[in-house]
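Accompanying notes for the structure given below.
The figures here come from the full heavy-atom set of this structure, side chains too, leaving out hydrogens, waters and symmetry mates.
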Amino acid sequence: VESQQQENLDEAWNVLASLLQRNIIEQKHVTVFQSLTRDNVQTKEKVAKLKSLLARSAKAQKDHKTEMMMTKQKLDEANQMISFLHTRIDQLASRPTHYLDLVADFESNFDRALQAMEHNQQQQSGGTSSSETVHAKKDHSDYYIDDMDEASGKQFNINTEG
């Protein structure tokens, strides 16, 4: 296409030169034609640049749209995760904690162990007075936890220091 245009332009210059030599047209007309030709070439270059810019802009817009959709999808996923986590927090907040269960189990096992020890002491000594029983229940400093069964979380071995 460009070579065809160049051939047409060369032919036009030849015709103008011929007309100018035969004094059919004046030099000022040739100057106007040269100016119009330069303007035409510059305009074609500008159109080509604008087409290129438009193509790049369309590609950038398409890329931006794709990126925007991906970002929106990530935002939706994050919002779903936030909602899930809020629900999970509410569920966990409304139930008793595992540690409170362990403390309750420890207290009940400790009380049972004390009662068993008192019962053993009563059997060995043939009975105790109520003051000894009260002393054993109030003062737990003589006992310590030796081991806790991890599987059940409820088995305690209580030994007296000594």
Side-chain angles (χ1 to χ4, degrees), residues 1-115 137-161:
V1 173
E2 192 171 309
S3 63
Q4 179 67 30
Q5 290 174 351
Q6 186 63 37
E7 288 178 18
N8 290 341
L9 188 59
D10 289 342
E11 186 180 333
W13 284 116
N14 289 336
V15 170
L16 281 175
S18 171
L19 292 174
L20 188 60
Q21 284 177 354
R22 287 186 264 154
N23 288 329
I24 297 176
I25 60 170
E26 299 176 7
Q27 181 62 37
K28 65 179 181 178
H29 294 112
V30 173
T31 306
V32 170
F33 181 75
Q34 287 175 336
S35 175
L36 288 174
T37 305
R38 267 189 253 114
D39 288 345
N40 186 26
V41 169
Q42 288 175 350
T43 304
K44 284 182 180 183
E45 289 174 358
K46 287 180 182 179
V47 167
K49 286 180 183 179
L50 287 173
K51 283 181 180 180
S52 173
L53 182 63
L54 183 61
R56 285 184 295 177
S57 176
K59 183 183 181 305
Q61 184 178 12
K62 182 180 176 183
D63 292 345
H64 179 71
K65 183 179 177 182
T66 303
E67 182 180 338
M68 187 68 99
M69 288 175 57
M70 295 293 289
T71 303
K72 185 178 179 184
Q73 183 180 3
K74 287 180 183 178
L75 177 64
D76 290 342
E77 290 172 2
N79 284 334
Q80 288 175 352
M81 182 57 76
I82 288 170
S83 177
F84 169 75
L85 290 175
H86 280 284
T87 303
R88 186 73 177 135
I89 287 171
D90 291 341
Q91 288 174 348
L92 293 175
S94 65
R95 71 171 201 180
T97 66
H98 177 66
Y99 298 112
L100 291 178
D101 294 341
L102 288 176
V103 169
D105 290 342
F106 172 76
E107 288 176 351
S108 63
N109 286 333
F110 191 79
D111 290 341
R112 275 190 246 135
L114 284 178
Q115 290 173 358
K137 286 184 180 179
K138 285 184 180 178
D139 187 13
H140 297 146
S141 63
D142 293 341
Y143 306 104
Y144 66 96
I145 300 172
D146 183 35
D147 191 14
M148 181 174 114
D149 185 355
E150 295 292 329
S152 68
K154 296 182 180 179
Q155 181 66 37
F156 295 96
N157 296 325
I158 298 178
N159 297 321
T160 58
E161 292 181 356

Item to complete: Can you sort out the partners of D76 under side chain to side chain contact (heavy atoms under 4.5 Å, CB included), two or more places apart, ordered by chain and number?
Response: K72
Worksheet item: Between CG of L92 and CZ of R88, what distance do you get to the nearest 0.5 Å?
Response: 4.5 Å
Discussion item. Counting only heavy atoms not in E77 (residues, nucleotides, ligands), do more than 12 fall under 6.0 Å from its CD?
Written reply: yes
Please report, to 0.1 Å, the donor-acceptor pairs under 3.5 Å made by any side chain of residues 52-71, with sequence neighbours excluded.
| unit_1 | atom_1 | unit_2 | atom_2 | d |
| --- | --- | --- | --- | --- |
| K59 | NZ | D63 | OD2 | 3.1 |
| T66 | OG1 | K62 | O | 3.0 |
| T71 | OG1 | E67 | O | 2.8 |

Worksheet item: Going from CD on Q34 to CH2 on W13, what distance comes out if it is rounded to the nearest 0.5 angstrom?
Response: 4.0 Å
Item to complete: Might you point out which heavy atoms bring L20 and Q27 nearest each other, and give the distance in Å?
Response: CD2-OE1, 3.2 Å
Worksheet item: At what distance, to the nearest 0.5 angstrom, does CG of D39 lie from NZ of K44?
Response: 12.5 Å
Discussion item. I want to check something: taking the side chain as every heavy atom from C-beta on, are Q115 and F110 in contact at a cut-off of under 4.5 Å?
Written reply: no
Discussion item. So D10 and E7, do their side chains get closer than 4.5 Å, heavy atoms only?
Written reply: no
Worksheet item: Do the non-hydrogen side-chain atoms of I82 and N79 ever get within less than 4.5 Å of each other?
Response: yes
Discussion item. Using the salt bridge (Lys or Arg N to Asp or Glu O under 4.0 Å) criterion, which residues pair with K51? Sequence neighbours excluded.
Written reply: none
Worksheet item: Between T87 and S83, is there a donor-acceptor pair closer than 3.5 Å when you use the side chain of the first and the backbone of the second?
Response: yes
Worksheet item: What is the distance from atom CG of L9 to atom OG1 of T37, rounded to the nearest 0.5 Å?
Response: 5.5 Å
